Amino acid sequence: MAPLAKKVLLHYGGGSLKRSGIYKEITSSLRENGVGFVELGGVVPNPRLSLVRAGVELCRSEGVDLILAAGGGSVIDSAKAIAMGACHDEDVWDFFEGNASAKNALPLAVVLTIPAAGSESSPVSVISNEEKKLKIGYHCDLLRPFASVVNPELFFTLPKNQIANGVADMMSHIFERYFTNTAHTDLTDGLCEAALRTIIKNAPLLMDDQRNYDAWAEIAFSSTLAHNGLLGMGREEDWASHRIEHQLSAVYDIAHGAGLAVIIPFWMEYVCGDNAGMFAQFAMNVMGAAPSRDIEGLAAEGIARLRAFFSRLGLPSSLCDFGIDGRDFEFMAKNATGAAFGAEKPLGGLKKLLWQDVLEIYRLAV
Ligand code: NZQ
Ligand code: ZN
């Protein structure tokens, strides 16, 4: 069979790919199959625009016709941005700021090394502009990888804090779809609840044994499904928690999943009065609360049980755990809603949040 490309860009992060032996396997396979490649490592968590720009230049000068991303969400997102930037004259940041829209992108294949962000199945790239202290996502179907290898054995080397961060992130991708005011969503409610229960059952097994193949298989399949679009079909999605967290990652460079573990329960408490029934359903069908007629009480119990689950995984529960004080909160809240650019769009679907609401959630989270 002829190779899919003449020249591949192999894109990866810090040291883990080489330490785990995956780098050697991939490069040997490319050589054995006569596929030429250039490489660009060094992607950091909260992937930087400067490396994306370097990748775009490399693709152009080397005539790259396919990108192979080997890593987690940061590597895959960086690869997506390079794939898009290499096919356009505009500066790649223009897409993220909404000043350009992609018409083409290089094909992208993925070898996933951490189930978390779901980028292996999503059409989204999230990039940090280190100069502007902004982290923004760009959504376009051209960015979805055409193939992703999701092999549980590649996750055995993950440290426990990365496993926990990933679990919080994959759960949040389901929450962003599950908590909605849309009616008649029985099927996707059930799919979301099954995926969440699967994650809650299997994540503690990984905390005991990072080499538990079966638990990884359950978790990784849930994570990929969580973000490929299926669970949001026919529902208004929310995404306020993500927009609120991305500003934390942009300003403080914290891990996305760890930031979400703090923000999500506070967001839930802030919005649940607008649809307590949905939160009561979550408490019973996902968090194992006993049925009761006290809908508000059930909603609160579900959130408390989620907090306890996160803390059992060792995740943070307050922004104080990162040493964050309130200094930048107004800047971040205004960036999150667009108020900083004079184009405020309220966040969320379940409850619309203005920048003042976002500020309040940051304050509550300290
Ligand atoms: O850099 P290396 O040395 O490879 O270490 C990485 C990194 O430090 C390490 N790691 C990855 N695989 C490993 C491993 N260590 C040991 N063994 C392995 N097998 O894990 C660390 C975290 O990697 P990263 O790629 O940053 O993690 P994740 O997959 O959680 O990605 C987070 C990024 O994805 C974005 C987030 O905002 C964040 O920037 N997201 C992307 C989305 C999308 N494109 O659809 C949606 C998400 O909501 C999210 O926003
Ligand atoms: Zn996420």
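Remember, it's 1-based here, ligands and their atoms both numbered in the order they're listed. As the structure is a computational prediction, the values presented were derived from the model and not from experiment.
Of the heavy atoms in S122, only side-chain atoms (C-beta onward) come closer than 4.0 Å to ligand 1. Under 4.0 Å from ligand 1, the heavy atoms of D169 that appear belong solely to its side chain.
Heavy-atom proximity to G14, at under 4.0 Å, picks out these atoms of ligand 1: 1 (O), 2 (P), 3 (O), 4 (O). Within ligand 1, the atoms closer than 4.0 Å to a non-hydrogen atom of L154 are 19 (N), numbered from 1 in the order shown. For ligand 1 and P47, the ligand atoms under 4.0 Å from any heavy atom of the residue are 39 (O). Less than 4.0 angstrom separates some heavy atom of G13 from each of these atoms of ligand 1: 1 (O). Numbered from 1 in the order shown, with element, the atoms of ligand 1 that lie under 4.0 Å from a heavy atom of I114 read 11 (C), 12 (N), 29 (O).
The shortest contact between atom 20 (O) of ligand 1 and any protein heavy atom is with Q162 CD, 3.6 Å. For atom 7 (C) of ligand 1, the closest non-hydrogen atom of the protein is P45 CG, 3.9 Å. Looking only at heavy atoms of the protein, atom 19 (N) of ligand 1 is closest to T113 O, 3.0 Å. For atom 25 (O) of ligand 1, the nearest non-hydrogen atom of the protein is S74 N, 3.0 Å. When hydrogens are left out, the protein atom nearest atom 44 (N) of ligand 1 is D77 OD1, 2.7 Å; that is the closest non-hydrogen contact. Among all protein heavy atoms, the one lying closest to atom 28 (P) of ligand 1 is G73 N, 3.6 Å. Protein heavy atom closest to atom 34 (O) of ligand 1, with residue, atom name and distance, is A117 CB, 3.5 Å. Shortest contact from atom 47 (C) of ligand 1 to any protein heavy atom: H173 NE2, 3.3 Å.
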Would you list the atom pairs, donor with acceptor, under 3.5 Å between side chains in residues 253-260 and any protein atom, with sequence neighbours excluded?
unit_1, atom_1, unit_2, atom_2, d
D253, OD1, N46, ND2, 2.8
D253, OD2, R48, NH2, 3.2
H256, ND1, E245, OE1, 2.7
H256, NE2, D169, OD1, 3.0
H256, NE2, H242, NE2, 3.2

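Look at G15 and you'll find a heavy atom under 4.0 Å from some atom of ligand 1. Residue V126 places a heavy atom under 4.0 Å from ligand 1.
Nearest heavy-atom pair across L108 and A69 is CD1-CB, 4.0 Å. Closest approach of F279 and A299 over heavy atoms only: CB-CB, 3.6 Å. When every heavy atom of Y138 is checked against every heavy atom of A102, the shortest pair comes out as OH-N, 2.9 Å. The minimum heavy-atom distance linking M233 with T188 is given by the pair O-CG2, 3.8 Å.
For ligand 1, one of its N or O atoms has an N or O atom of S16 under 3.5 Å away. Between S125 and ligand 1, not a single N/O pair is under 3.5 Å apart. On a distance-only criterion, G118 and ligand 1 share no N/O pair closer than 3.5 Å. When only interatomic distances are considered, the shortest N/O to N/O separation between A116 and ligand 1 does not fall below 3.5 Å. Among the atoms of S119, some N or O lies under 3.5 angstrom from an N or O of ligand 1. The distance criterion of under 3.5 Å between nitrogen or oxygen atoms is not met by L17 with respect to ligand 1.
A cation-pi arrangement is present between R307 and F266 under the rule of less than 6.0 angstrom and at most 45 degrees off the ring axis.
Under the 4.0 Å criterion applied to side-chain N and carboxylate O atoms, K352 and E236 are assigned as salt-bridge partners. Ion pairing of R53 with E57 is absent here, as no side-chain N (NZ or NE/NH1/NH2) approaches a carboxylate O to less than 4.0 Å.
At a threshold of 4.5 Å between non-hydrogen side-chain atoms, the residues L196 and F175 count as touching. Here the side chains of T157 and R19 are not in contact, with every heavy-atom distance at 4.5 Å or above. The shortest side-chain heavy-atom distance between L9 and E62 does not fall under the 4.5 Å cut-off.
A donor-acceptor pair shorter than 3.5 Å cannot be found between the side chains of Y362 and E330.
Remark: among candidates E153, H256, K135, H139, the nearest residue to atom 39 (O) of ligand 1 is K135, based on non-hydrogen atoms. Nearest to atom 18 (C) of ligand 1 by heavy atom, out of T157, N46, N228, is T157.
Note: H88 and F95 have perpendicular aromatic rings, judged against thresholds of 30 and 60 degrees for the angle between ring planes.
Checking H227 against the Zn ion (ligand 2), every N/O/S atom stays at or beyond the 2.8 Å cut-off.
Note on I82: it clusters hydrophobically with V35, by side-chain heavy-atom contacts below 4.5 Å among ILVMFWY residues.
Computed with the Zn ion (ligand 2) at the centre, the H242 NE2 to D169 OD1 angle is 120°, stated to 10 degrees.
Residue F322 places its CZ atom among more than 12 non-hydrogen atoms of other residues, nucleotides or ligands, all under 6.0 Å distant.
Ring centroid separation for the pair Y213 and W216 does not come in under the 6.0 Å cut-off.
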